[in-house]
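Written out below as structure tokens is the structure these notes cover.
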Amino acid sequence: MSGLGTRLDDLVRRSVIGVGPYVPGAGARELKARTGRTDLIRLNWNENLEGPLDGVLEAVAADLPGSVWAYPEEAYEDFRRAVAEWTGACAKQVIPGHGIQALTLSLVAATVEPGDRVVVPRPTYGLYASACGVAGAEVIRVDADPDTLALDLESLASTAARTSAKLVFVCDPNNPTGLRISAPEWEAFLEALPDRCLAVVDEAYADYMEPHERLDRLAAIDSGRPVVVLRTFSKIFGLAGLRLGYMLVHESLAPLLHAVQEPFNVNCAALAAGQASLERVDRLPARRRRAQLARARLTAPLAAAGITTFESHASFVLARVGGDDVAICEALAHEGLLLRAGSEFALPGHVRITLGDVELMDRVGAALARVAAAHRDRQH
């Protein structure tokens with residue numbers, strides 16, 4: 001009986017070899033085994049520690065007995081209409097998906113052919129580059145300003161024009177910095193985009209911005225500009241475990257994207273949770289205010305300790321700690337606090353901290369300031 005043998009490159013696409021899986025960082029189970037602690041607090045994956053909005057879990061539980069046995073045809077359409085009503089889009093523009101990751105893969109599958117060029121900023125969410133690389137694209141990176149870490153939209157657009165890129169990715173607010181894009185920057189970027197280049201805008205964290213601060217990208221889509229928007233229920237809605245997101249696209253693009261998605265690719269529980277969440281959006285302003293207070297409580301002790309933080313508009317804060325960020329995160333893990341080392345996304349000397357309640361942020365701010373100072377002293 002013959003097996004796969006040693007030449008797997010004869011079986012899989014050449015573009016897959018060497019890319020590797022998306023790695024979100026060490027999980028809690030691994031870190032519990034390493035540190036011997038069972039009380040670890042996960043501040044490394046940008047999960048919402050508040051969980052779903054009040055009443056959402058109960059609504060899902062009530063819905064499941066009548067829906068779990070059936071394909072989610074009606075729930076799928078009901079969810080699209082609910083999203084459309086909330087966003088101001090039309091239902092045909094809403095493409096639900098199993099989280100932003102799945103939607104990104106579907107978009108790449110529909111648009112990218114081997115040899116196409118795509119432009120991806122650095123630093124940003126790592127899946128964009130890996131998904132395009134697997135599809136056989138040439139991924140061209142554009143570095144942010146090394147001091148401010150702000151995305152250089154002018155360079156993104158000019159690079160796309162120079163290379164005849166098919167896609168250009170923008171995360172706003174950006175992960176891992178939390179920095180947002182201004183309206184003038186966005187307008188200039190759209191004007192400079194070359195023909196036949198699609199701007200893919202990830203708004204996973206945009207719900208943490210005040211509504212008046214958000215850019216109206218649906219208007220750009222409706223006017224025929226080459227823009228698609230990715231959104232998620234994982235962050236402010238607290239549904240990361242159910243994997244639910246959606247894409248807003250021009251109506252003419254929607255059938256082509258449906259062609260590459262699995263039929264009924266979102267499960268009934270996720271759809272029910274999404275609809276229940278959208279019935280409770282009046283509670284989001286309070287969540288935004290709590291996040292703002294948490295950011296202030298976290299950044300104040302860090303600033304007093306001489307640690308620079310970036311002006312985040314998301315559910316996390318990026319801090320420039322200097323020194324060995326991996327060692328700092330390891331030390332904090334032994335205190336029960338899981339932070340994300342910047343070295344994991346090409347930002348050595350930085351750590352990313354997910355926001356929690358103000359009492360927890362007091363604890364984290366004090367611990368990070370103390371551990372970072374100790375590491376600096378040892379270096380000197």
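Of the possible donor and acceptor atoms, none in the side chain of R80 sits under 3.5 Å from a partner among the backbone N and O of Y76. Between the R42 side chain and the L338 main chain, no donor and acceptor come within less than 3.5 Å of each other. Counting only distance, with no hydrogens or angles, the side chain of E213 and the backbone of E210 share a donor-acceptor pair below 3.5 Å. Looking only at distances, no side-chain donor or acceptor of D145 sits under 3.5 Å from a matching main-chain atom of L151. In this structure, Q261 contributes its side chain and P96 its backbone to a donor-acceptor pair below 3.5 Å. Side-chain N or O atoms of R297 include none that pairs as donor or acceptor with a backbone N or O of D362 at under 3.5 Å. S223 places a side-chain N or O within donor-acceptor distance of the main-chain N or O of A220, the cut-off being under 3.5 Å. Using a distance-only test at 3.5 Å, with no hydrogens or angles considered, a donor-acceptor pair links the side chain of R295 to the main chain of A314. With hydrogens and angles ignored, the 3.5 Å screen pairs no side-chain donor or acceptor of N175 with any backbone N or O of T124. N267 contributes a side-chain N or O that, together with a main-chain N or O of A270, makes up a donor-acceptor pair within less than 3.5 Å.
To the nearest 0.5 angstrom, H250 atom NE2 is 12.0 Å from L198 atom CG. The structure places CD of E154 at 12.0 Å from CZ of F189, a figure rounded to the nearest 0.5 Å. Atom CG in L347 sits 10.5 Å away from atom CZ in R122 (nearest 0.5 Å). Taken to the nearest 0.5 Å, the CD atom of E77 stands 6.0 Å off from the CZ atom of R81. L179 contributes atom CG, which lies 9.5 Å from atom CG of D172 (distance to the nearest 0.5 angstrom). Taken from CG in L253 to CE in M247, the straight-line distance is 7.5 Å, to the nearest 0.5 Å.
Sorted by first and then second residue, the pairs that involve residues 133-177 and meet ring pair (Phe, Tyr, Trp, His ring centres under 6.0 Å), not counting sequence neighbours, are Y128-F169. Applying the ring pair (Phe, Tyr, Trp, His ring centres under 6.0 Å) test to pairs two or more places apart or on separate chains, those with a residue in residues 192-225 are Y205-F316.
A single hydrophobic cluster is seen to contain both V56 and Y246, as judged by linkage of ILVMFWY side chains at heavy-atom distances under 4.5 Å, directly or through other members. Under a hydrophobic clustering in which Ile, Leu, Val, Met, Phe, Trp and Tyr are joined whenever their side-chain heavy atoms come within less than 4.5 Å, directly or via other members, L271 and V281 fall into the same cluster. Placement of I328 and I353 within a single hydrophobic cluster is found when ILVMFWY residues are connected by side-chain heavy-atom separations under 4.5 Å, directly or transitively. Under a hydrophobic clustering in which Ile, Leu, Val, Met, Phe, Trp and Tyr are joined whenever their side-chain heavy atoms come within less than 4.5 Å, directly or via other members, L105 and L230 fall into different clusters. L103 and V228 fall within the same hydrophobic cluster, defined by Ile, Leu, Val, Met, Phe, Trp and Tyr side-chain heavy atoms under 4.5 Å apart, directly or through other members.
Annotation for D63 and C268: closest pair OD2-O, 4.4 Å, computed over non-hydrogen atoms. Shortest non-hydrogen contact noted between D116 and T111 is OD2-O, 3.7 Å. A272 and V60 get closest at one heavy-atom pair: C-CG2, 4.1 Å. When all heavy atoms are compared, the tightest approach of S277 to L53 is O-CD1, 3.9 Å. The minimum heavy-atom distance between G238 and N48, with the atom names listed, is CA-CB, 3.8 Å. Shortest non-hydrogen contact noted between I41 and L360 is CD1-CD1, 3.7 Å.
The pair E185-R180 does not count as a salt bridge, with every side-chain nitrogen at least 4.0 angstrom from each carboxylate oxygen. Taking 4.0 Å as the cut-off between side-chain N and carboxylate O, D207 and R214 count as a salt-bridged pair. Remark: R352 does not engage E344 in a salt bridge, criterion side-chain N to carboxylate O under 4.0 Å. Look at E203 and K235 and you find no salt bridge, because none of the NZ, NE, NH1 or NH2 atoms lies under 4.0 Å from a carboxylate O.
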Before giving the answer on side-chain contact (heavy atoms from CB on, under 4.5 Å), spell out for W186 and V201 the whole-Å C-alpha distance, their side-chain angles and the decisive distance to 0.1 Å. CA-CA 11 Å; W186 171 247; V201 185; 3.6 Å; yes
side-chain contact (heavy atoms from CB on, under 4.5 Å) evaluation trace for S234 with R243: CA-CA 7 Å; S234 293; R243 315 306 306 122; 3.1 Å; yes
Please evaluate residues K166 and R117 with respect to the criterion side-chain contact (heavy atoms from CB on, under 4.5 Å), reporting the C-alpha separation (whole Å), side-chain torsions for both, the decisive distance (0.1 Å), and the verdict. CA-CA 6 Å; K166 177 75 70 71; R117 297 180 180 91; over 6 Å; no
List the steps and the verdict of side-chain contact (heavy atoms from CB on, under 4.5 Å) for V119 and L167. CA-CA 6 Å; V119 177; L167 302 178; over 6 Å; no
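Looking only at atom types and distance, the side chain of H350 has a donor-acceptor partner in the side chain of R320 under 3.5 Å away. For the residue pair Q101 and Y125, a side-chain donor N or O sits within less than 3.5 Å of a side-chain acceptor on the partner. A donor-acceptor contact closer than 3.5 angstrom links the side chains of T354 and N46.
Environment of CG in D39: crowded, with over 12 heavy atoms of neighbouring residues, nucleotides or ligands closer than 6.0 Å. Residue-environment remark: CD (E311) stays at or below the threshold of 12 foreign heavy atoms within 6.0 Å. Atom CD of E74 is surrounded by 12 or fewer heavy atoms from other residues, nucleotides or ligands within 6.0 Å.
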Determine all donor-acceptor pairs shorter than 3.5 Å in which one atom belongs to a side chain in residues 84-92; sequence neighbours excluded.
{"unit_1": "T87", "atom_1": "OG1", "unit_2": "V83", "atom_2": "O", "d": "2.9"}
{"unit_1": "T87", "atom_1": "OG1", "unit_2": "A89", "atom_2": "N", "d": "3.2"}

